[in-house]
Colleague: 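Once you've had a glance at the structure underneath, I'll fire off some questions.
Remember, it's a predicted structure, so these values are computed and weren't measured experimentally.
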Amino acid sequence: MAELIVVTGPPGAGKSTVGRVLADGFDSSALVVGDDFFGFLARGAIAPWLPEADGQNEAVLHAAAAAAGRLTERCTVVYDGVVGAWHLAGFLAATALPELHYVVLLPPLDLCLHRVATRVGHGFTDAPAAEHMYGEFARADIDDRHVLREPPDEAVITASMVRTLVERRSALYGR
């Protein structure tokens, strides 16, 4: 069985770019984009950053986790999405895997906000919500071995750093 690598962080952290580069570095891989699962909500969706969206977010996150876990039967899976430490145990349980690699990208807040404000073709541009989610990650009780603080701006270098953490099993999270 291949492994699951979760690349997470607040909006604008570089998850999608790094996740794509990382997935492209394996001979057999899948890239599971967590945001895509929110697109399955046809009616009645609540903006995921609002407190009243907790139940919805958990259901969507668990559906994405189950898909990611199942895909590890065939290839290495890179999961790109917001998986806060507060959701990590439930996410792991939904994968049905004994462990996963958990890496949080945490560039400076001003860089994340700049990226959110200037990106093209992405549906999320809410600066106050991005700042709120950044604060959630910055305040979370996450072991430093899982956090890349101020990662390089070059996605190839950051993806290489994540790959090294995976190979060394330094960012492993398990039951």
Side-chain angles (χ1 to χ4, degrees), residues 3-26 29-39 48-49 53-54 56-69 71-72 76-95 97 99-109 111-113 115-116 119 122-124 126 129-153 155 157-166 169-175:
E3 299 188 279
L4 173 58
I5 306 163
V6 174
V7 178
T8 191
K15 300 178 295 294
S16 297
T17 306
V18 170
R20 168 53 60 200
V21 171
L22 185 62
D24 286 346
F26 291 96
S29 67
L31 177 62
V32 176
V33 180
D35 286 351
D36 289 352
F37 283 76
F38 283 93
W49 53 89
D54 284 348
Q56 166 195 277
N57 293 349
E58 186 174 308
V60 170
L61 194 60
H62 288 188
L71 284 167
T72 63
T76 296
V77 177
V78 177
Y79 181 87
D80 148 32
V82 176
V83 182
W86 51 95
H87 284 296
L88 188 52
F91 184 91
L92 176 60
T95 68
L97 299 172
E99 60 191 17
L100 54 79
H101 300 273
Y102 182 70
V103 180
V104 178
L105 304 180
L106 199 60
L109 173 61
L111 179 57
C112 289
L113 293 176
R115 289 174 176 169
V116 167
R119 59 188 172 188
H122 194 288
F124 182 83
D126 187 323
E131 187 167 356
H132 171 77
M133 285 186 267
Y134 185 95
E136 297 270 324
F137 274 98
R139 288 187 301 275
D141 185 21
I142 305 170
D143 191 309
D144 281 340
R145 67 191 175 95
H146 295 287
V147 183
L148 290 180
R149 295 182 198 287
E150 300 193 27
D153 207 26
I157 296 171
T158 303
S160 177
M161 293 170 72
V162 173
R163 179 86 181 239
T164 298
L165 291 172
V166 169
R169 305 188 70 71
S170 302
L172 206 56
Y173 174 84
R175 298 176 209 184

Colleague: Ignoring hydrogens, what is the shortest heavy-atom contact between C112 and P10? Give both atom names and the distance.
Modeller: SG-CG, 4.3 Å
Colleague: So, for A30 and A23, which heavy atoms are closest and what is the spacing to 0.1 Å?
Modeller: O-CB, 4.5 Å
Colleague: Mark yes or no for whether N57, through its side chain, and P48, through its backbone, hold a donor-acceptor pair below 3.5 Å.
Modeller: yes
Colleague: Within the side chain of D126, is there an N or O that forms a donor-acceptor pair under 3.5 Å with the backbone of A129?
Modeller: yes
Colleague: Does this structure show an ion pair linking R149 with D144, if we count only N-O contacts that are shorter than 4.0 Å?
Modeller: yes
Colleague: Which value, rounded to the nearest 0.5 Å, describes the distance between L105 atom CG and K15 atom NZ?
Modeller: 8.0 Å
Colleague: Can any side-chain N or O of T95 pair as donor or acceptor with the backbone N or O of L92 at less than 3.5 Å?
Modeller: yes
Colleague: How many angstroms lie between atom CD of E99 and atom OH of Y173, to the nearest 0.5 angstrom?
Modeller: 12.0 Å
Colleague: Do L88 and V6 have side-chain heavy atoms sitting under 4.5 Å apart?
Modeller: no
Colleague: To check you understand the geometry: which heavy-atom pair defines the closest contact between L113 and A130, and what is its length?
Modeller: CD2-CB, 4.0 Å
Colleague: Indicate yes or no: does D153 engage R115 in a salt bridge with an N to O separation below 4.0 Å.
Modeller: yes
Colleague: When you check the side-chain N and O atoms of H87 and E58, is any donor under 3.5 Å from an acceptor?
Modeller: no
Colleague: So, does T8 use its side chain to make a donor-acceptor pair with the main chain of V83 at under 3.5 Å?
Modeller: yes
Colleague: If we ignore hydrogens and angles and just use 3.5 Å, is the side chain of S29 paired with the main-chain N or O of T76 as donor and acceptor?
Modeller: no
Colleague: Are the side chains of L148 and V104 in contact, using a 4.5 Å heavy-atom criterion?
Modeller: no
Colleague: What residues, two or more places apart in sequence or in another chain, satisfy ring pair (Phe, Tyr, Trp, His ring centres under 6.0 Å) together with F91?
Modeller: Y79
Colleague: Please name all residues satisfying side-chain hydrogen bond (donor to acceptor under 3.5 Å, both in side chains) with R139, sequence neighbours left out, ordered by chain then number.
Modeller: none
Colleague: Could you tell me the separation between the CZ atom of R163 and the CD1 atom of I5, rounded to the nearest 0.5 Å?
Modeller: 7.5 Å
Colleague: If only atom types and distance count, is the side chain of Y134 paired as donor or acceptor with the main-chain N or O of P107 below 3.5 Å?
Modeller: yes
Colleague: Check whether any side-chain heavy atom of L4 sits under 4.5 Å from a side-chain heavy atom of H101, and report yes or no.
Modeller: no
Colleague: Of all the heavy-atom pairs spanning V32 and A64, show the shortest one and how long it is.
Modeller: CG1-O, 4.3 Å
Colleague: Minimum heavy-atom separation for T17 to A155, with atom names?
Modeller: CG2-CB, 3.4 Å
Colleague: Do you know the tightest heavy-atom contact between A67 and F37?
Modeller: CB-CZ, 3.8 Å
Colleague: Which value, rounded to the nearest 0.5 Å, describes the distance between W86 atom CH2 and I142 atom CD1?
Modeller: 6.5 Å
Colleague: Donor-acceptor pair, H146 side chain versus V103 backbone, under 3.5 Å?
Modeller: no
Colleague: If you round to the nearest 0.5 Å, how far is NE2 of H132 from CH2 of W49?
Modeller: 11.5 Å
Colleague: As an exercise, state the distance from CZ of R169 to CZ of R145, rounded to the nearest 0.5 Å.
Modeller: 11.0 Å
